[in-house]
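Down below is the structure, laid out as structure tokens.
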Amino acid sequence: MITKKPERVRVPQLLTMKQKAQKITMLTAYDATMASLLDRAGVDVLLVGDSLGTVILGYDTTLPVTLEAMIHHARAVTNGAQRALVVADLPFLTYQASIPEAVRNAGRLLQEGGAAAVKMEGGVPIADAAQRLVDVGIPVMGHIGLTPQSVHSLGGFRPVGRTRPEAEAVMEDARALQQAGAFAIVLESVPAHVAGAITRELKIPTIGIGAGPACDGQVLVSYDAFGLFDTFVPKFVKQYAQLGEAMTAAAREYVADVQAGRFPGPEHTRSDPPQAK
Ligand code: KIV
């Protein structure tokens, strides 16, 4: 039986989905196995998020994540995904210092990481860099509202856009990114009415995380959604499984089996007769 390879989700398809009012689904992935599992479930976009700094590498923030780490994980995700569009984060300080650096670093995520697009945090201040990437053929997804790479200037991981000036600034950021040619924008921890207003005004899709139901799509950190990372679970997260507990229980059973001599049992032990030489 020949199984047909699923058709790859491509950047322009997200715009068509918005126009047809079809919700876009996005989850983070950091390795080939996870990418393949999520891909089979029909997730449209796999984000190689710099959240890997916290959920994979154990840092408190995303700031220590390097471009090399992002390329390494992007390669793994692109190896595992057949259908989903793979978007990789540009980590802190890889696009803020200069536009030529932004082009080179974003280019490496496509060329070496195999990603189809990059995501970058910030609105008005990074719009020129975003536009240059788009001009040279690198699709850009924006990310505004709570931008974790700016955790120190924000004063913590806190919602953004609750006051009128902040809400207006988020709207301006969204407009600047659309003007720069971004194909979609992540809205993180933004009040639902602000996210709704942005979603209605923009032609390009918005993808929300803690931004209410009006966005054109939703994204979650997969380790949060599946209960793998429990150091801190944001209020807006729905946990669809408790894989962390299941893994600990399985590991506990393995430890008990080995200690009691129950594993490996006869069914896991080869007893081939010796081969004549
Ligand atoms: O790095 C990440 O996982 C992200 C999501 C929270 C959108 O940027």
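Just so we're clear, the structure is a prediction, and the values are computed from it rather than from any experiment. Just so you know, ligand 1 is whichever comes first in the structure, and atom 1 is the first atom listed for that ligand.
- More than 12 heavy-atom neighbours from other residues, nucleotides or ligands sit within 6.0 angstrom of CD on Glu172.
- In this structure, a donor-acceptor pair under 3.5 Å is present between the side chains of Asp50 and Gln149.
- Scanning for ring-ring contact (aromatic ring centres under 6.0 Å, His included) contacts around Tyr95 gives an empty result, with sequence neighbours left out.
- In this model, no donor atom of one side chain and acceptor atom of the other lie less than 3.5 Å apart for Thr28 and Ser51.
- A centroid separation of 6.0 Å or more is found between the aromatic rings of Phe232 and Phe157.
- Closer than 4.0 angstrom to ligand 1 lie heavy atoms from Thr28, Leu47, Gly49, Asp50, Ser51, Asp89, Lys119, His143, Glu188, Ile209, Val221.
- The one candidate from Lys23, Met17, Met26, Gln13 that meets the side chain to side chain contact (heavy atoms under 4.5 Å, CB included) condition with Asp44 is Met17.
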